[in-house]
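Worksheet for the structure shown next.
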Amino acid sequence: MRTRQITALLALGASLVACGSSDPEPAAQGGGDGRGPITFVGGKFEAESVQKIVDAWNAAHPDEKATVVLLPEAADEQRRKLIQSAQTKSDTGDVILIDAVWTSEFAANRWIDELKLDTSAFLPPTVETGRYRDKLYAMPMFTGTGLLYYRTDLVKEPPKTWAEMRRICDEVLPKQKGMACYGGQFDKYEGLTVNFSEAVASAGGDLVDASGQPQVTGEAAKKAAQFLADGFKSGMMPKEAITYKEEEGRVAFQDGKLLFYRNWAYGYEAAQKTDGSSKVAGKTDVAPIPGLDGPGAGTLGGNNLAVSAFSKNKRTAADFVAFMTSTAQMRAFALTSSMPVATAAVYDDPELIKKYPYLPALKEGILAAEPRPKAVRYGDVTAAIQESAYAVVTGAKPVDQAMTELQAALGPLLQP
């Protein structure tokens with residue numbers, strides 16, 4: 001990776017000096033509509049593949065080159081640094097990569113501008129993650145939902161229910177020294193919100209109902225929380241999984257320490273590598289995540305591109321977003337990375353399906369996936385979910401108490 005093109009993020013997290021407006025009708029503020037060099041602030045994941053698209057842009061736009069600045073790996077830390085930059089009205093980042101669930105917050109606070117771009121080439125649920133009050137503020141780039149990774153040399157058929165997964169583990173693990181049953185993302189960060197949301201949906205419930213009211217004291221949510229609590233208490237989920245983010249769990253699975261692992265599709269390629277980095281190469285596959293009574297429901301994930309309201313070169317920034325998310329560039333990206341993109345055509349492409357056989361199933365999963373709560377105060381919402389879910393998985397609080405407290409906390413946070 002060329003260090004002169006991909007630079008470390010040093011000054012983006014400036015001190016907080018001003019809060020964004022909470023005006024319900026976002027509008028552009030500051031910045032300028034000029035053309036010229038821009039900075040793209042993105043995550044570390046798949047940085048080399050992303051850089052290839054940036055290189056293609058730079059080759060075609062020598063007077064409007066883009067420089068990549070990398071954010072930390074953890075989503076919560078990415079959000080914190082982006083918000084700090086926005087609150088200081090910094091023009092450090094012209095185009096920013098934001099989590100799909102941050103759109104409402106960033107748009108309502110006037111930190112990003114409305115986009116006038118064609119979205120017809122994308123999977124419909126991914127486009128909705130970029131909308132706020134029926135206007136487009138972020139262009140879908142990456143997407144995905146949870147998948148169950150499993151060992152094909154030890155498991156004949158992947159489990160469809162939690163009970164089936166327990167039964168298979170009981171049969172297989174006594175013969176596998178040092179292997180645990182199941183892992184996901186259970187550290188106290190955004191991944192825990194995702195895993196808890198998936199458990200609730202997989203038990204037939206919703207965190208929030210159609211009217212925007214929390215439903216975490218319902219039967220489904222309590223069964224989901226109890227499944228997680230019992231999993232750690234019984235040892236079905238190893239104690240170290242409390243510290244897992246995506247990468248820690250991925251490495252554990254590739255090292256042969258887990259029979260089943262919940263992760264996004266990007267981990268598939270790494271698991272199949274034959275360079276010695278994966279002990280499960282050729283011995284792993286993916287399936288829909290299991291649920292209480294049948295196949296579970298994943299949480300819709302993803303990352304979208306947005307133009308900073310404080311950019312001086314917004315016309316270039318908007319063109320860069322359109323270029324980055326074009327079908328041609330997304331296909332080129334997909335040929336080098338297993339990180340799922342939001343472009344619909346990728347999932348029906350014969351060459352890509354041969355490379356990633358799970359693509360048709362993943363498309364179905366994305367179309368059926370449940371979104372996380374869409375809230376202007378999403379940072380507070382996810383913090384409340386993480387607090388209660390972490391108390392459950394660590395055994396710090398009984399399920400009834402944790403869910404009652406979460407219900408009370410979410411009520412005012414979800415008010416429009």
Side-chain angles (χ1 to χ4, degrees), residues 5 12 20-21 25-43 50-71 78 82-83 85-86 89-100 102-124 126-143 302-333 341-345:
Q5 291 177 310
L12 190 59
S21 167
E25 284 299 328
Q29 55 172 289
D33 291 325
R35 306 197 71 92
I38 59 172
T39 299
F40 168 43
V41 180
V50 170
Q51 184 64 45
K52 291 178 181 179
I53 307 179
V54 176
D55 288 345
W57 164 270
N58 288 342
H61 303 83
D63 297 326
E64 302 173 85
K65 287 188 176 182
T67 300
V68 179
V69 173
L70 298 179
L71 289 169
Q78 292 175 15
L82 288 173
I83 288 177
S85 182
K89 300 184 179 180
S90 170
D91 62 357
T92 303
D94 300 277
V95 176
I96 59 176
L97 187 71
I98 62 174
D99 194 290
W102 301 343
T103 302
S104 295
E105 179 180 19
F106 277 62
N109 282 288
R110 300 184 178 184
W111 295 333
I112 55 178
D113 281 355
E114 182 183 354
L115 298 176
K116 302 290 186 180
L117 298 175
D118 181 14
T119 60
S120 60
F122 300 94
L123 295 171
T126 69
V127 177
E128 288 306 307
T129 68
R131 294 190 186 279
Y132 174 68
R133 298 204 168 196
D134 297 323
K135 294 180 180 179
L136 185 72
Y137 284 90
M139 200 72 160
M141 185 172 181
F142 302 130
T143 189
N303 298 86
N304 302 337
L305 293 178
V307 173
S308 168
F310 312 105
S311 169
K312 293 179 180 178
N313 294 318
K314 292 182 181 178
R315 285 195 294 165
T316 296
D319 287 350
F320 178 79
V321 170
F323 179 86
M324 288 283 286
T325 57
S326 65
T327 299
Q329 294 303 325
M330 286 293 89
R331 185 180 186 279
F333 176 90
V341 296
T343 309

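Sequential numbering from 1 along the given sequence is applied to the chain's residues. Everything numeric in this text was worked out from a predicted model, so none of it was measured.
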Original post:
Taking atom types as modelled, is there a side-chain donor on Asp55 or Gln51 under 3.5 Å from an acceptor on the other?
Top reply: yes

Subject >> Validation row, ring centre Phe106 to ring centre Tyr137 under 6.0 Å >> reply: no

Subject >> Heavy-atom closest contact (Pro140 atom, Phe122 atom, distance) >> reply: O-CE2, 3.4 Å

**OP:** To the nearest 0.5 angstrom, please state how far the CE atom of Met139 sits from the CD1 atom of Ile98.
**Re:** 13.0 Å

Subject >> Between CD1 on residue Ile96 and CG on residue Asn304, distance to nearest 0.5 Å >> reply: 10.5 Å

Original post:
Hey, does the side chain of Asp99 reach the backbone of Asn303 with a donor-acceptor pair shorter than 3.5 angstrom?
Top reply: no

**OP:** Apply salt bridge (charged side-chain N to carboxylate O under 4.0 Å, His left out) to Arg331 and list each qualifying residue two or more places apart in sequence or on a separate chain.
**Re:** Asp349, Glu351

Original post:
How about Val68 and Val50: do any of their side-chain heavy atoms sit closer than 4.5 Å?
Top reply: no

Subject >> Intermediate values then yes/no, side-chain contact (heavy atoms from CB on, under 4.5 Å), Glu105 and Ile83 >> reply: CA-CA 10 Å; Glu105 179 180 19; Ile83 288 177; 3.6 Å; yes

**OP:** Examine distances only and state if a side-chain atom of Thr103 and a backbone atom of Thr129 form a donor-acceptor pair shorter than 3.5 Å.
**Re:** yes

**OP:** Work out which heavy atom in Ala318 is nearest to a heavy atom in Leu117; give both atom names and the distance.
**Re:** O-CD1, 4.3 Å

Original post:
Quick one: does Thr126's side chain get under 4.5 Å of Met141's, heavy atoms only?
Top reply: no

Subject >> Check: Asp118 side chain, Ser120 main-chain N or O, donor-acceptor pair, under 3.5 Å >> reply: yes

**OP:** Find the distance between CG (Asp63) and CG (Asn58) and round it off to the nearest 0.5 Å.
**Re:** 11.0 Å

Original post:
Do any N or O atoms from the side chain of Ser90 and from the backbone of Thr92 form a donor-acceptor pair under 3.5 angstrom?
Top reply: yes

Original post:
Which residues pass the side-chain contact (heavy atoms from CB on, under 4.5 Å) test with Thr316, sequence neighbours left out?
Top reply: Arg35, Ile38, Trp57, Glu64, Asn313

Original post:
Short question: side chain of Thr325, backbone of Val321 - any donor-acceptor pair under 3.5 Å?
Top reply: yes

Original post:
Using 30° and 60° as the class limits, which term best fits the ring planes of Phe333 and Phe142: parallel, tilted or perpendicular?
Top reply: tilted

Subject >> N-O pairing of Lys312 and Asp91 below 4.0 Å >> reply: yes

Original post:
Any idea which heavy atoms bring Leu70 and Gly43 closest together, and the distance?
Top reply: CD2-O, 3.7 Å

Original post:
How long is the span from the CZ atom in Phe40 to the OG1 atom in Thr67, to the nearest 0.5 Å?
Top reply: 12.0 Å

**OP:** Kindly say whether Ser308 contributes a backbone atom to a donor-acceptor pair with the side chain of Ser311 at under 3.5 angstrom?
**Re:** no

**OP:** Supply the atom-to-atom distance Arg315 CZ to Asp319 CG, rounded to the nearest 0.5 angstrom.
**Re:** 8.5 Å

Original post:
Tell me, do Phe320 and Val307 make a side-chain contact under 4.5 Å, heavy atoms counted?
Top reply: no

Subject >> Side chain Ser85, main chain Leu82, donor-acceptor under 3.5 Å >> reply: no

**OP:** Taking the side chain as every heavy atom from C-beta outward, state whether Tyr132 and Glu114 have any pair of such atoms under 4.5 Å apart.
**Re:** no

Original post:
In Å and rounded to the nearest 0.5 Å, what is the CD1 to CD distance from Ile53 to Gln329?
Top reply: 5.5 Å

Original post:
So which heavy atom on Asp94 is nearest to which on Pro37, and how close?
Top reply: OD2-O, 4.4 Å

Original post:
Is there side-chain contact between Val41 and Leu97, with at least one heavy-atom pair below 4.5 Å?
Top reply: no

